[in-house]
**Student:** 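First the structure, which I've put down as C-alpha cells, then a few questions once you've had a look.
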Amino acid sequence: MSEKKRIGIAGLGTVGAQVVARLLAGAVPGAVVTAVSARDAKRDRGVDLSAQRFVANPLDLAAAEDVDVVVELMGGEGGAALELVQAALRAGKPVVTANKAMLAAHAEGLSDLSCVSPPVPLAFEAAVAGGIPVIKALREGMAGNEISRLSGILNGTCNYILSRMEVAKLSFEEALKEAQEKGFAEADPFLDVSGTDAGQKLVILSALGFGVAPNMAHVSITGIEQIAAQDISFAASFDSVIRLVAMAERRAETGGVFHQVMPMLVKKPASLAQVGNELNALKIEAEPVGSIFLQGPGAGGGATASAVLADISDIVQGFGRALFSKPTSAMKESASPKPPASEYYLRLALADKPGSMAKATQILAENGVSIEEVVQRSSQAGDRFLPVVFITHHCENSALRAALEALQSQQDICNEVLALPVFAEEM
Ligand code: HSE
C-alpha cells in the first residue's frame with residue numbers, strides 16, 4: 001500500500017481510547033494515528049499516547065499538516081464537534097464521526113460541504129446502531145432495492161432498561177443506573193429515554209433508505225418514561241414484550257414516509273421481541289430482497305469503536321463516500337403522513353364499582369374501536385381504581401385518539417390512559 005493515511009482524533013472517551021488502541025495495534029493497515037485532542041491531556045486512558053502529537057484545540061486538526069483524516073468523537077449537536085467537521089470538510093479532509101445528533105440537526109449544511117465534486121467523504125457508520133453495519137447494508141448491500149419499511153431497536157439504553165425491567169424485575173431507575181454504569185447511555189440520558197436518540201438515528205437511516213431529507217420535526221417521538229412495571233407484566237400476559245421501536249414506513253396513499261419512535265407491544269415470536277439488553281436491531285423490508293434482519297451490539301465503547309474503525313478502513317482504501325448521494329436540498333421533503341392503522345394496547349384504571357367497565361367498552365365501541373382481548377387485575381385492599389388492559393382490533397389512529405379523549409373525561413376512569421401500538425411483524 002502507498003503512504004499511510006495520517007489520522008487525527010478528537011475525543012478520547014470510551015470510544016476514542018479504544019479506536020486509538022486498535023489503530024496503534026495495527027488494526028487498520030494503511031492508517032497511522034498522528035495527532036489526538038481531548039479535554040484532559042494527562043488522564044490515563046490505558047493507551048500509550050507518547051508518540052502522538054497532543055492538540056489542545058480540536059479545531060486545529062482540520063488544518064494540521066500531519067492529519068489527512070479527521071475522526072470526530074467529541075459528541076454534541078453543535079459546538080466544537082460541528083465546527084471541526086465543517087472545517088475539515090472545507091479543507092477537503094475526509095471525516096469519520098459517531099455523532100448522530102449533529103448529523104440529524106445539521107444534515108443540510110454538512111451535505112452541502114460533503115456532496116461536492118469530487119465528494120469529501122463523511123463517514124458515519126458509528127452514528128446508527130453501534131457495531132451493526134447498517135449504513136453499509138442499506139446503501140451498498142441493498143442498493144437497487146425499493147425499501148418499504150425500516151423498523152428497529154436503535155437505542156441500547158432503552159432496550160436495556162425494558163429488558164431488565166422484564167427479566168430482573170428492576171425498577172426503571174435501577175435499570176437506567178445499570179445502563180449508565182455499563183457506558184451505554186448518552187451524557188444526558190434524557191436523550192435516550194425520551195426517544196430522541198433513536199429519532200436522530202431513524203432520520204439518518206430514512207435519508208439513506210427513502211431518500212428523504214432528515215427532519216426531526218417529522219418524527220413522532222414518545223419515550224419510555226411512562227412504561228411501568230405493570231405494563232411489562234401485562235405485556236407478558238399477552239405473550240408479548242414492550243420495545244422502543246423506531247419505524248419509518250412508506251405510505252402508499254400519499255407516497256410520503258411516516259416516521260415514529262414509540263414503545264410498542266411486540267408479540268414474542270417476532271424477531272424484535274428477541275432483542276435483549278443493549279442489543280440493537282434493524283429489520284429492512286424491501287423489494288426484491290424481501291426482508292433482512294440485522295442484530296448486534298448497539299451501544300457501548302467496543303461496538304462504536306468497531307464501526308469507527310470500519311469507516312477509517314474504508315477511507316484509507318479509497319472507499320470513502322459523501323454524507324449522502326446528494327445534498328439534502330435535492331432530496332425529497334420528509335412529509336409526515338398519518339400513522340398506519342394498528343392494533344393497540346390500552347391500559348386504563350377503572351373505578352372499582354358497577355358499570356365502569358361497561359362505560360369504557362361503550363366509549364370504545366362508540367368510536368369504532370373494537371376489543372380483541374381484555375385482562376383485568378384484581379384489587380388490593382383500598383384500591384379505588386383497578387388496572388385493566390384492552391388489546392384492540394386494527395383501528396385508525398384518529399378513532400383511537402377520539403376514544404382516548406372521551407375516556408379521559410369520565411369520572412369512573414382514571415385519566416392516566418396508556419396507549420401503545422402493537423407491532424405488526426409483516427406489513
Ligand atoms: N446512548 C446510545 C444508546 C449509545 O443507548 O443506544 C449509542 O448511540
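Numbering starts at 1 and runs along the sequence shown. For ligands, and for the atoms within them, numbers begin at 1 and follow the listed sequence.
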**Student:** Of all the non-hydrogen atoms in the protein, which one sits nearest to atom 6 (O) of ligand 1, and at what distance?
**Tutor:**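 Residue, atom and distance for the closest contact: G156 N, 2.7 Å.
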**Student:** Below 4.5 Å, heavy atoms only, C-beta onward: do K332 and V257 meet side chain to side chain?
**Tutor:**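 Result no, sub-4.5 Å side-chain heavy-atom pair not found.
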**Student:** Tell me, yes or no, whether the heavy-atom count around R22 atom CZ, taken from other residues, nucleotides or ligands under 6.0 Å, exceeds 12.
**Tutor:**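 No, because the 6.0 Å sphere around CZ of R22 holds 12 heavy atoms or fewer from other groups.
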**Student:** Does ligand 1 have a heavy atom under 4.0 Å from the side chain of D192, from its backbone, from both, or from neither?
**Tutor:**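 Side chain only.
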**Student:** I'd like to know if R401 and E405 make a salt bridge, using a cut-off of under 4.0 Å between side-chain N and carboxylate O.
**Tutor:**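 So R401 does not pair with E405 through a salt bridge.
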**Student:** Going by distance only, is there an N or O of A299 that falls short of 3.5 Å from an N or O of ligand 1?
**Tutor:**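 No: no nitrogen or oxygen of A299 is under 3.5 Å from one in ligand 1.
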**Student:** Out of V96, L61, V71, V70, which one pairs with I9 under the side-chain contact (heavy atoms from CB on, under 4.5 Å) rule?
**Tutor:**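 So, applying the side-chain contact (heavy atoms from CB on, under 4.5 Å) to I9 and each of V96, L61, V71, V70, only V71 qualifies.
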**Student:** Would you mind checking which non-hydrogen protein atom is closest to atom 7 (C) of ligand 1, with the distance to 0.1 Å?
**Tutor:**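 Ranking protein heavy atoms by distance from atom 7 (C) of ligand 1, first comes K201 NZ, 3.5 Å.
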**Student:** What protein heavy atom is closest to atom 2 (C) of ligand 1, reported as residue, atom name and distance in Å?
**Tutor:**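 Going atom by atom, the protein heavy atom closest to atom 2 (C) of ligand 1 ends up being E186 OE2, 3.2 Å.
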**Student:** Would G130 count as a contact residue for ligand 1, given that I'm defining contact as a non-hydrogen atom of the residue lying under 4.0 Å from a ligand atom?
**Tutor:**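 It does not; every heavy atom stays at 4.0 Å or beyond.
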**Student:** Counting only heavy atoms, which portion of E278 has something under 4.0 Å from ligand 1: side chain, backbone, both, or neither?
**Tutor:**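 Answer for E278: neither.
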**Student:** Listing request: all ring pair (Phe, Tyr, Trp, His ring centres under 6.0 Å) pairs with a residue in residues 121-178, at least two apart in sequence or in separate chains.
**Tutor:**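 The answer is Y160-F184.
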**Student:** What residue and atom, counting heavy atoms only, is the protein's closest point to atom 5 (O) of ligand 1, and at what distance?
**Tutor:**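 Answer for atom 5 (O) of ligand 1: T157 OG1, 2.6 Å.
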**Student:** Mind checking whether A185 has an N or O less than 3.5 Å away from an N or O of ligand 1?
**Tutor:**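 No: no nitrogen or oxygen of A185 is under 3.5 Å from one in ligand 1.
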**Student:** In ligand 1, which numbered atoms sit nearer than 4.0 Å to a non-hydrogen atom of N155?
**Tutor:**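 Ligand 1 atoms under the 4.0 Å threshold to N155: 2 (C), 3 (C), 5 (O), 6 (O).
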**Student:** G298 heavy atoms, cut-off 4.0 Å: which ligand 1 atoms fall inside?
**Tutor:**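 Those atoms are 7 (C).
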**Student:** Take E178 and R164, measure what salt bridge (charged side-chain N to carboxylate O under 4.0 Å, His left out) needs, and give me the verdict at the end.
**Tutor:** CA-CA 9 Å; E178 274 193 9; R164 297 291 289 157; 2.9 Å; yes
**Student:** Would you check whether K100 reaches within less than 4.0 Å of ligand 1, judged by its heavy atoms?
**Tutor:**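 Right, K100 reaches ligand 1.
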**Student:** Taking side-chain contact (heavy atoms from CB on, under 4.5 Å) as the test, write out the residues that go with T304, two or more places apart.
**Tutor:**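 V15, A98, A126.
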**Student:** With a 4.0 Å cut-off, would you call E396 and K338 a salt bridge?
**Tutor:**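 A salt bridge is present here (some side-chain N lies under 4.0 Å from a carboxylate O).
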